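Accompanying notes for the structure given below.
In this text the structure is predicted, and so the values were computed from the model without any measurement. Here is how names work: the chains are called A, B, and so on, in the same order as the sequence lines, proteins then strands, and each is numbered from 1.
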Amino acid sequence: MRAGKIRGRQLHLSIVLMVCLLFSPSAWPQQSDSQEGTTVGNYNIRQSAELGYRVLTERGNGNVFDTIVDEHTGLRLLDESFEVHSLNHSGLFFDSLSLSSFGLGGEPNSVIRLRAYKNKVYNFNASFRRDHNFWDYNLLANPLNPPTSLPYVPILNSPHRFDIVRRMSDYNLTLLPQSRLRFRLGYSRNLSQGPSFTSFHADDVAGEETLLFQPWRQTQNAYQFGVDLRVLPRTNISYDQFLQFTKGDNSQVDRNFNFQLSNGAPVDLGLIFNTLLLTPCDSLSINTAAKPPIAAATCNGFLAYSRFAPMRTSSPTEQFGFQSNYFKKLEMSGRFMYSSSTGKVPTMNELFNGLIASTQLRQYNFTGSARSRRITAAGDFAATWSLSDRFRITDSFRFHAVRVPGIENSLQDSFFANSLLASPIVFNPAACPAPFTASTCPQHVFGSPADITTNNSFTFLGQEYKINLLQLEYDFSKHFRARLGYRYRNRLITQRNLNMEGLVFFPTVANRDVCLLLPTRPDGSCLAGLLSTATQGTEINEHSLLLGLTSRLLKGDALRLSGDAELFWADNFFTRLNPRQSQHYRARANYQPTPWANLSVAFNILEKRNNSVGIGFLGHDRNFSFDVLLSANERLGLDLDYDFTTVFSRANICFATSSVSISTPLCTTDLALLQTVSFYDSRTHFGRVAMMWKPWPRLTTHLGASLTSTGGDTLFLNPLAPTGPLRSLYLQPSADLDLQLKKGLDWNVSWGYYDYNEHSDPGPSLPRDFHAHVGTISLRYSF
Amino acid sequence: MTSIRPLIWRKIAFLLSLVCVFGSKYICAQTQPPAPAKLPPGYMGSESCKDCHAEIYKNFATTPHWKIAFDKRDAATAVGQCESCHGPGREHVQSGGDPAKIFSFKGLSTEKITTTCLSCHQYGEEHSNFLRSAHKSSDVNCLDCHSPHHYKESQFLLVKAQPQLCYGCHTEVKPDFAKTFHHRVDEKLIRCTDCHNQHGGFANPQLRAAANQDAVCLKCHIEKAGPFVFEHAPQVTEGCTSCHAPHGSANARLLKRSNVNLLCLECHTVTFGSRVHDTPGYHDQAAQFQACTLCHVSIHGSNFNQFFFK
């Protein structure tokens with residue numbers, strides 16, 4: 001394998017060298033001026049291509065490097081462009097065509113864009129984007145298995161890692177773009193697929209968690225047809241029809257059998273290893289001397305698991321819009337749309353075969369179907385009335401209503417036994433006679449769930465809001481303007497749930513759970529029904545006062561200032577972190593004393609709070625940044641950036657923990673929990689310097705570096721949790737050299753370094769730091 | 001038996017020739033700039049501009065604005081090209097190029113620049129709300145981002161390519177895209193304008209929407225769109241930004257907290273007026289329960305489990 005890789009690299013290098021020789025100045029006749037392109041008949045053609053080779057060396061956590069950077073060694077078509085313009089604008093199929101791409105050949109991001117138009121006939125845009133998403137940041141969804149467990153099984157990869165490629169295509173065609181009647185056609189496709197992993201919790205109450213392999217496949221096709229009509233002078237109306245079809249074909253299966261039973265049967269003991277808490281069982285029940293280790297049959301474990309629930313969604317949307325400034329000094333626009341999405345899961349099939357020891361659940365089959373809808377109606381109307389050249393009144397009104405009703409029907413057959421080696425027992429009245437204690441009866445315990453569960457759920461979530469923004473704008477002069485506004489929003493959120501369960505409890509212990517005090521039938525079984533309903537409504541009235549000032553000062557508008565403030569308050573909240581009061585201040589200044597110097601400063605401060613009883617939410621996002629750009633001439637340039645961001649949040653929370661401090665008070669709303677103040681305080685410094693230097697006309701160099709330093713603190717409820725990204729440093733220096741071999745032929749060599757460090761103990765997993773060099777050599781030919 | 005393939009090709013060739021014969025006359029005739037029969041008073045015609053502004057004139061021909069030559073909406077645009085925007089040029093030419101004698105966009109107010117450009121570009125959803133946009137309210141006019149003559153990016157005639165164009169003012173956003181976990185804007189996979197409508201829209205803050213008017217995030221993240229039987233309500237009511245920082249974050253999955261359990265507990269704590277589920281007493285945060293999404297996997301919505309287990 002290694003020899004093969006080396007031969008592959010040699011082949012790639014050979015190809016690059018051959019290409020370089022091919023492109024050497026002596027190998028080609030004189031070309032036309034590469035900036036002007038080539039004239040062929042009625043067309044001017046300009047092309048360029050950059051072919052290169054990347055080399056990567058890395059050390060540290062390669063998976064985290066692939067998650068964040070994802071560069072690899074190999075040949076690349078780094079960049080390509082192709083432009084054709086008709087000289088007399090009388091091209092047969094197009095007047096102008098432009099095709100460009102970058103990242104082909106193995107980059108994590110590849111994009112191809114095509115544009116073409118022919119005057120009065122059509123405008124066409126298309127793009128294809130391919131992005132590779134490798135994701136394995138090992139702290140996410142990591143149970144942080146304790147080292148005190150025996151065996152100690154640290155989770156070294158994220159249980160939710162994936163290696164997915166997404167391909168997105170967008171095509172847009174406008175026919176008769178300059179006529180009174182225009183047509184628009186669009187098509188988009190989004191395909192996302194690849195291997196991934198997920199986790200699963202096997203029982204609603206007392207289950208095991210395991211790792212599942214999940215082949216990922218999601219597809220969406222969206223179509224658009226639109227018409228624009230200019231019916232009156234300066235008035236346009238439009239109609240659009242959207243059709244969107246989505247297919248979700250993910251499946252899940254357990255392939256994580258790292259242990260075996262005494263009879264050699266492979267078994268998956270799950271992700272959680274905390275033998276002090278008897279998860280998956282006590283330490284004496286696992287014999288680590290054997291390979292693979294042998295687990296006792298009474299351990300929690302999976303012998304098999306699979307699930308497949310393909311989802312199909314269709315979303316037709318109709319949209320009508322208009323825009324008009326038919327009336328002098330009054331400009332209006334409006335839109336009304338209606339969308340009715342339907343999501344269906346015709347069949348859901350799930351099989352669990354294993355053991356949940358606390359309930360002796362040995363196997364279950366789950367089948368079901370689901371149907372949900374998302375119905376959205378929205379209307380917008382906005383107008384700007386210019387009372388004079390200096391004074392304008394603007395009003396925008398929006399009505400938006402979304403309703404999401406859903407229905408789910410399912411049936412779960414559960415089977416019980418007391419060990420992984422025992423077969424699940426199907427209830428048979430003949431084999432389980434009174435007093436219903438025979439070993440041929442399903443082996444329940446008091447905590448066992450029902451043997452048969454039928455479930456019907458009816459859900460509803462809806463939100464309706466109306467929002468109006470009234471704004472006054474006044475231009476005091478050409479250099480100074482101000483605006484004052486008021487925004488009001490009324491929201492009504494409704495949730496309703498109705499759940500009906502039919503439960504059958506077979507013996508043994510038929511009088512368990514909700515059947516505790518219910519009579520049993522002659523065969524020893526007990527029937528029960530559960531009905532639960534919940535209705536919640538939340539109405540929120542929100543008010544905002546808005547103020548803005550802008551100014552252009554000095555000769556040539558060299559100094560530009562802008563600032564705005566929003567003061568917000570609400571009489572209610574939906575989530576605890578919804579602010580009931582907030583203040584948002586933003587200011588920017590841009591100073592360009594000379595054409596070659598530009599200085600920008602900005603700050604952005606958001607303060608928010610929700611002082612409702614028991615919440616105590618206080619938060620802020622504060623940012624300060626400045627940027628200096630100096631382009632003395634086309635041979636020297638310097639760009640300096642600095643940014644400081646602080647994010648702070650604090651709120652009261654209630655939680656449970658076995659790591660109890662005597663001083664932690666009980667939760668006032670739930671005495672079974674403890675109460676404390678959750679806080680998150682993050683401070684990030686960002687610095688970047690980039691220099692361009694052209695020591696002589698044919699040689700251009702770039703030197704630069706960026707540094708993102710994050711520090712902070714937060715509440716750690718788990719003593720094993722590392723600080724992770726909360727205290728980290730990400731350094732990225734870079735350099736490149738561009739040599740013009742001849743006009744239209746450039747040779748480039750570049751280097752980038754990626755250095756990521758988390759300044760903390762890695763925790764019960766692998767360190768996430770990485771350090772990588774990426775070198776690129778390329779040749780760019782423009783013709 | 002005659003092979004089918006040559007027959008099909010003959011038919012295609014015949015159809016193409018019909019298109020060329022009947023279509024090219026229409027197409028070619030329309031693409032030649034019409035010669036103005038008579039210029040209105042004060043107008044010179046674009047050929048005069050070419051004598052002094054040859055480079056600009058030549059560059060202009062490669063941009064979509066040359067189509068102004070065919071726009072007959074009013075007398076000014078009927079003369080075509082340069083004078084459609086810059087007004088009558090006779091005095092400017094006769095004075096030997098006095099810049100004061102021709103309409104120039106330099107030094108104009110945002111209002112005047114905007115009105116001039118929108119006289120053609122206002123129609124259609126893309127620009128119909130520019131007068132009410134955050135950019136216009138902040139005194140950003142068309143020529144701050146676009147330049148018909150001195151563009152660096154040929155698509156949309158931008159003075160700079162994205163995202164550098166946007167970073168010029170939005171300096172606070174640049175470091176977000178340099179954070180460890182970020183949307184790939186600097187890598188040019190995504191543009192700022194894929195999510196934001198820079199010309200303003202009905203939604204705030206100038207966000208676009210997916211085809212069915214869902215959050216723009218769901219155009220790419222299609223598996224989160226649902227609809228689901230059991231929705232995670234804040235995703236529907238508050239949006240994705242209730243948990244995620246969309247530009248970039250030091251935290252995995254662009255979350256707003258480094259520890260997922262805090263993000264969940266800050267909402268899932270019962271208090272007066274809040275209507276969410278509390279966490280049960282056995283969710284020992286000192287054990288595996290600190291990884292909420294290890295079990296509550298389908299956190300964006302589930303069709304079969306109210307606790308989002310599957």
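Ranked by heavy-atom pairs shorter than 4.5 Å toward chain A, the options C220(B), S154(B), A233(B), C169(B) are led by C220(B). Most heavy-atom pairs under 4.5 Å with chain A: of the set I190(B), D176(B), L265(B), L118(B), this distinction falls to L265(B). Residue with the most contacts toward chain B among L726(A), T342(A), T550(A), N274(A): T550(A) (heavy-atom pairs, distance under 4.5 Å). Among N250(A), N142(A), T376(A), the residue making the largest number of heavy-atom pairs under 4.5 Å with chain B is N142(A). With chain B as the partner, the residue from S551(A), S372(A), G556(A) showing the most heavy-atom pairs under 4.5 Å is S372(A). When each of H127(B), Q155(B), K179(B), K174(B) is scored by its heavy-atom pairs under 4.5 Å with chain A, the top score falls to Q155(B). Annotation: maximal heavy-atom pairing with chain B below 4.5 Å, among P159(A), S682(A), G248(A), A656(A), occurs at A656(A). For the set T279(B), V276(B), L262(B), the entry with the most heavy-atom pairs within less than 4.5 Å of chain A is L262(B). The candidate with the highest count of non-hydrogen atom pairs below 4.5 Å against chain B, out of S649(A), S86(A), S98(A), is S649(A). Chain B forms the most heavy-atom pairs under 4.5 Å with one residue out of A309(A), C667(A), A382(A), P719(A), and that residue is A382(A). Per-residue heavy-atom pair counts under 4.5 Å with chain A were compared for L131(B), V270(B), T237(B), and the maximum is reached by T237(B). Options K219(B), E231(B), H182(B) differ in how many heavy-atom pairs under 4.5 Å they form with chain A, and the most are formed by K219(B).
Within the 4.5 Å cutoff, the side chain of D131(A) has no heavy atoms near those of the P108(A) side chain. Using a 4.5 Å heavy-atom cutoff, the side chains of T110(B) and I113(B) are not in contact. Inter-residue side-chain proximity for E331(A) and R132(B) is flagged as met; some heavy-atom pair is nearer than 4.5 Å.
A side-chain donor-acceptor contact under 3.5 Å links N578(A) and E238(B). For the residue pair T171(B) / S625(A), a side-chain donor-acceptor distance below 3.5 Å is found, with atom types taken as modelled. A donor and an acceptor atom, one from each side chain of S339(A) and T317(A), are located under 3.5 Å apart. The closest side-chain donor-acceptor pair between N623(A) and T645(A) falls under 3.5 angstrom. For the residue pair Q220(A) / T246(A), a side-chain donor-acceptor distance below 3.5 Å is found, with atom types taken as modelled.
The part of R373(A) that comes within reach of chain B is its backbone (N, CA, C, O), which places non-hydrogen atoms under 4.5 angstrom from that chain. For a residue to count as touching a neighbouring chain, one of its non-hydrogen atoms must lie under 4.5 Å from one of that chain's; by this rule E209(A) touches chain B with the side chain only. For chain B, the nearby part of N325(A) is the side chain; its heavy atoms alone come within less than 4.5 Å. Contacts between L715(A) and chain B at a heavy-atom distance below 4.5 Å involve backbone atoms as well as side-chain atoms. With a 4.5 Å cut-off on non-hydrogen atoms, K256(B) touches chain A through its backbone but not through its side chain. A287(B) touches chain A through backbone and side chain together, each having a heavy atom under 4.5 Å away. Proximity to chain A (any heavy atom under 4.5 Å) is restricted, for N259(B), to the side chain, taken from C-beta onward. In this structure, the portion of Q290(B) lying under 4.5 Å from any heavy atom of chain A is its side chain and not its backbone. Within the 4.5 angstrom heavy-atom criterion, no atom of Q224(A) approaches chain B. For S706(A), no part lies near chain B; criterion is any non-hydrogen pair under 4.5 Å. Contacts between N190(A) and chain B at a heavy-atom distance below 4.5 Å involve backbone atoms as well as side-chain atoms. Neither the backbone nor the side chain of S612(A) comes within contact range of chain B; no heavy atoms are under 4.5 Å apart. In this structure, the portion of S188(A) lying under 4.5 Å from any heavy atom of chain B is its side chain and not its backbone. Interface remark: A378(A) contributes no atoms to any contact with chain B (heavy atom separation under 4.5 Å). Heavy-atom distances place both the backbone and the side chain of S199(A) under 4.5 Å from chain B. Within the 4.5 angstrom heavy-atom criterion, only side-chain atoms of Q244(A), from C-beta onward, approach chain B. Only the side chain of D278(B) comes within less than 4.5 Å of a heavy atom in chain A; its backbone stays farther off. The part of N261(B) that comes within reach of chain A is its side chain, from C-beta onward, which places non-hydrogen atoms under 4.5 angstrom from that chain. In this structure, chain B has a heavy atom under 4.5 Å from the side chain of T710(A), while its backbone stays farther away. With a 4.5 angstrom heavy-atom cutoff, R688(A) touches chain B only via side-chain atoms. Contacts between R257(B) and chain A at a heavy-atom distance below 4.5 Å involve backbone atoms as well as side-chain atoms.
No more than 12 heavy atoms of other residues, nucleotides or ligands shown are found within 6.0 angstrom of NZ on K112(B).
Not a single donor-acceptor pair under 3.5 Å links the side chain of S302(B) to the backbone N or O of F308(B). Under a 3.5 Å cut-off, the side chain of R576(A) and the backbone N or O of G614(A) do form a donor-acceptor pair.
In this structure, C292(B) and C264(B) have their SG atoms no less than 2.5 Å from one another.
The residues R129(A) and D194(B) are annotated as salt-bridged, a charged nitrogen and a carboxylate oxygen being separated by less than 4.0 angstrom. Salt bridge R371(A)/E408(A): absent, no basic N to carboxylate O contact under 4.0 Å.
Here the two rings, on F181(B) and Y137(A), have centers that are under 6.0 Å apart.
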Pair F309(B)-H296(B), ring pair (Phe, Tyr, Trp, His ring centres under 6.0 Å): steps then yes or no:
CA-CA 5 Å; F309(B) 290 155; H296(B) 301 279; 5.0 Å; yes
Apply side chain to side chain donor-acceptor pair (under 3.5 Å) to the pair E266(B) and N652(A), showing each step before the final yes or no.
CA-CA 7 Å; E266(B) 285 172 8; N652(A) 297 329; over 6 Å; no
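With rounding to the nearest 0.5 angstrom, the CG atom of N718(A) is 8.5 Å from the OG atom of S658(A). Here the OG1 atom belonging to T114(B) is positioned 12.0 Å from the NE2 atom belonging to H135(B), to the nearest 0.5 angstrom.
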